[in-house]
Amino acid sequence: VALALLGIGKEALLSLDMEGMLKYFQKELPLKADADPDALMQAAYKISYNTKKMKKMEKEYTVMKTKEQEEMIELKYFQKELPLKADADPDALMQAAYKISYNTKKMKKMEKEYTVMKNKEQEEMIELKVI
């Protein structure tokens with residue numbers, strides 16, 4: 001149903017900025033959906049998608065989220081341990097700080113990759129729709 005709603009408002013959404021999209025989702029799109037719920041449901045039933053592709057993307061997403069969670073646990077550990085070792089060897093502190101910095105950069109990179117993947121998934125879903 002969500003893809004059918006996006007299909008209904010596709011032209012308007014593509015011409016709007018982010019604020020305009022939010023207003024459109026809040027005000028105009030619900031009115032269009034309420035005006036003809038049968039057409040909306042028929043459009044939703046017509047949408048087809050590749051099950052194999054969806055499973056593959058789901059698996060990739062799960063792997064990526066698992067890695068992200070593991071890195072967050074490790075990062076939290078180092079952030080917790082670093083202040084406790086203030087009297088420790090300066091080289092060890094530098095290594096810990098480097099690892100925190102590296103993991104933070106890696107997390108940001110993974111977030112960007114996830115966003116790109118999610119956008120690609122949305123584009124593919126829009127391409128697969130039939131309205």
Side-chain angles (χ1 to χ4, degrees):
V1 176
L3 290 175
L5 285 169
L6 287 174
I8 289 172
K10 180 179 179 181
E11 291 80 27
L13 289 168
L14 290 173
S15 65
L16 296 171
D17 63 350
M18 190 57 130
E19 264 185 52
M21 285 182 195
L22 291 172
K23 288 179 184 176
Y24 185 82
F25 282 128
Q26 291 173 348
K27 299 191 178 177
E28 295 177 40
L29 196 57
L31 294 175
K32 287 184 178 185
D34 289 341
D36 195 2
D38 292 332
L40 174 65
M41 292 309 292
Q42 288 204 357
Y45 285 125
K46 288 181 183 177
I47 295 173
S48 62
Y49 61 94
N50 185 331
T51 307
K52 272 184 157 180
K53 199 176 226 180
M54 291 299 291
K55 290 287 183 186
K56 181 183 173 191
M57 286 192 287
E58 180 182 14
K59 185 177 180 181
E60 289 172 356
Y61 174 78
T62 304
V63 167
M64 187 179 70
K65 278 307 225 184
T66 303
K67 283 182 182 178
E68 185 180 300
Q69 287 175 343
E70 289 170 358
E71 289 177 356
M72 281 298 294
I73 291 169
E74 186 176 337
L75 181 62
K76 285 179 182 178
Y77 170 77
F78 281 112
Q79 286 175 335
K80 181 181 175 185
E81 290 296 312
L82 190 59
L84 297 177
K85 296 183 179 185
D87 59 339
D89 177 28
D91 291 333
L93 290 174
M94 287 302 291
Q95 279 185 327
Y98 172 78
K99 195 158 191 174
I100 290 171
S101 172
Y102 174 77
N103 284 336
T104 303
K105 288 176 185 175
K106 194 172 182 181
M107 276 181 33
K108 287 180 181 178
K109 181 181 175 191
M110 286 180 69
E111 286 174 0
K112 286 180 185 176
E113 289 172 356
Y114 170 71
T115 303
V116 168
M117 186 180 85
K118 203 66 171 158
N119 290 340
K120 185 178 176 183
E121 176 186 346
Q122 289 174 347
E123 289 171 4
E124 289 173 354
M125 291 300 293
I126 289 172
E127 289 174 10
L128 292 174
K129 73 173 177 59
V130 179
I131 295 180

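Residues take their numbers from the sequence shown, with the count starting at 1.
- The nearest pair of heavy atoms linking Ala12 to Tyr24 is CB-CE1, 3.7 Å.
- Under the 4.5 Å side-chain heavy-atom criterion for Ile, Leu, Val, Met, Phe, Trp and Tyr, Ile47 and Val1 are members of the same hydrophobic cluster.
- Separating the CE atom in Met21 from the CG atom in Leu14 is a distance of 7.0 Å, to the nearest 0.5 Å.
- Put simply, the side chain of Met110 does not reach to within 4.5 Å of the side chain of Tyr114, judged on heavy atoms.
- Separating the NZ atom in Lys46 from the CG atom in Leu3 is a distance of 15.0 Å, to the nearest 0.5 Å.
- Val116 is not listed as a side-chain neighbour of Asn119, based on a closest heavy-atom distance of 4.5 Å or more.
- Here the CG atom belonging to Leu40 is positioned 4.5 Å from the CD1 atom belonging to Ile8, to the nearest 0.5 angstrom.
- When the side chains of ILVMFWY residues are joined at heavy-atom separations under 4.5 Å, either directly or via intervening members, Met72 and Met64 end up in two distinct hydrophobic clusters.
- Taken together through direct or relayed side-chain contacts under 4.5 Å among Ile, Leu, Val, Met, Phe, Trp and Tyr, Tyr45 and Leu6 form part of one hydrophobic cluster.
- Of all the heavy atoms in Leu5 and Ala33, the pair that sits closest is CD2-CB, 3.7 Å.
- Ion pairing between Glu68 and Lys65 holds under the 4.0 Å rule for side-chain N and carboxylate O.
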